Amino acid sequence: MREYAFELALCAHREPQVDGLLARQLGASCHGTRVLDVVELAPGPRFDDRVSLCPGTIPAPVLESDVGPGTARDPREALDAHPDRLDDVVEAAVTAGYLERERRDGRDLVRATGRYPEGWAGRLRGIENKPDLGRPGDLERQLRTDVSLGLVDEVVLATASHVTGAHLNRIPDAVGVWRFDPETGGREVVREPTPLDADGPGVEPLAEHSGRTDIAVVTAAEKRRARRRLAERAFGKGWRPAAEVWPDCARVTVDERAGVGPLPDCPWKGRLVDPASECGPACGGHERGTAPAVDPEAARAAATAWDPDAGDRRRQTGLDSFGDTG
Ligand code: SF4
């Protein structure tokens, strides 16, 4: 079982069980490069307000600025972003549905489409997938980093392997362990996770040399900002492979996984595949064809509270009333 197929199967199993959202492959560090396989995001008190604000990820420089729904601002003055990145940041926030542009006195200004609901994100659970504990790779170091930094509220290791006492001894005590069967969807809790101090400061290991480890001390305020970035990425991204990456291969089939899909299944490989890294003309089984028409966003909307059209109706209503009075 490839890690990718294991990860999709786990997400498909978890999504109907959690009251919130799941996402895959998200950066989860303050100064390093740690990427969490899966993040489960529980709703906070204002989750519904975030859902109805806009569907996409709001870039951090926009959230950390004072651009709001009131006065339109010049992004060059309001955003703390490198000039080379400024246009991309604004474009990403417009595409996300959070900023709208307006032109006044020859200047390009931006304004938020609504008030940002701080506190919308609840607890964050990070899941590290390691289907085969016989090939642990960097697992110990990754989990030590997660526990030491404490960016998420809890960390779980998910594996298909039989978990022995020796395995448990090698990973930090705070890490929970699930044994998951991707074929049947059966999940056994081998060990519950211990909550991490996500509100306090943390220590982030950055690089290991013989006899010493470079670290960064991370303040509680830095972690708060990083948690919001992580929650925003999880909110906008989700876990299903995007429609654009599905291969133009005649062999790929659509696995609906009991209504949770669409997931790319390959009968030639006999499993779910990662289109981005496994598919294309270089694959031995590739047969030229047309990528199936799939709509992962519609599937996510049907399965969760996330709304891909959020904000459209509000903006449309605003335009209509402008027309009425105009
Ligand atoms: S490109 Fe290869 S891995 Fe991808 S669907 Fe086609 S045969 Fe399967």
Side-chain angles (χ1 to χ4, degrees), residues 1-17 21-28 33-40 55-57 95 126-139 142 157-161 178-187 233-234 236-304 306 308:
M1 166 67 59
R2 287 287 192 96
E3 195 162 320
Y4 181 82
F6 181 88
E7 198 162 292
L8 291 193
L10 181 66
C11 289
H13 161 76
R14 289 295 294 162
E15 188 173 71
Q17 299 189 338
L21 299 171
L22 267 78
R24 296 179 43 246
Q25 299 295 315
L26 301 178
T33 55
R34 175 78 172 114
V35 173
L36 279 170
D37 287 334
V38 176
V39 171
E40 290 183 7
T57 296
T95 304
I127 303 174
E128 181 64 25
N129 294 320
K130 194 56 67 184
D132 181 2
L133 287 180
R135 297 162 58 185
D138 221 7
L139 181 66
Q142 290 168 328
L157 164 67
T159 180
S161 298
W178 294 346
R179 189 172 184 206
F180 176 67
D181 183 335
E183 303 300 330
T184 65
R187 184 173 60 92
R233 288 285 291 143
K237 189 178 182 198
W239 61 272
R240 294 169 178 81
E244 305 81 68
V245 302
W246 279 65
D248 55 356
C249 172
R251 292 195 200 262
V252 72
T253 62
V254 182
D255 180 340
E256 287 294 351
R257 196 61 56 132
V260 179
L263 307 178
D265 193 24
C266 173
W268 188 72
K269 293 226 172 187
R271 56 174 172 77
L272 299 175
V273 287
D274 179 0
S277 67
E278 297 183 79
C279 296
C283 168
H286 182 263
E287 279 184 11
R288 183 170 291 283
T290 307
V294 292
D295 193 344
E297 291 195 347
R300 190 182 191 207
T304 70
W306 181 77

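Just so we're clear, the structure is a prediction, and the values are computed from it rather than from any experiment. Counting starts at 1 for both ligands and their atoms, in listed order. This chain uses plain numbering: 1 for the first residue, then up along the sequence.
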Worksheet entry | Intermediate values then yes/no, side chain to side chain contact (heavy atoms under 4.5 Å, CB included), Y4 and Q25 | CA-CA 11 Å; Y4 181 82; Q25 299 295 315; over 6 Å; no
Item to complete: Begin from the C-alpha positions of L8 and W239 and carry the test side chain to side chain contact (heavy atoms under 4.5 Å, CB included) through to its verdict.
Response: CA-CA 8 Å; L8 291 193; W239 61 272; 4.0 Å; yes
Worksheet item: Under the side chain to side chain contact (heavy atoms under 4.5 Å, CB included) criterion, do R14 and R187 qualify, and how do the steps go?
Response: CA-CA 10 Å; R14 289 295 294 162; R187 184 173 60 92; 3.0 Å; yes
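The existence of a salt bridge linking K130 and E3 is confirmed by a sub-4.0 Å separation between a basic side-chain nitrogen and an acidic carboxylate oxygen.
The closest approach between a heavy atom of G280 and any atom of ligand 1 is below 4.0 Å.
H13 and F180 have tilted rings, their planes meeting at an angle from 30° to 60° on a 0 to 90° scale.
Shown are the protein N/O/S atoms under 2.8 Å from atom 8 (Fe) of ligand 1, given by residue and atom: C266 SG.
Contact annotation: the side chain of C249 never approaches that of W268 to less than 4.5 Å [non-hydrogen atoms, C-beta and beyond].
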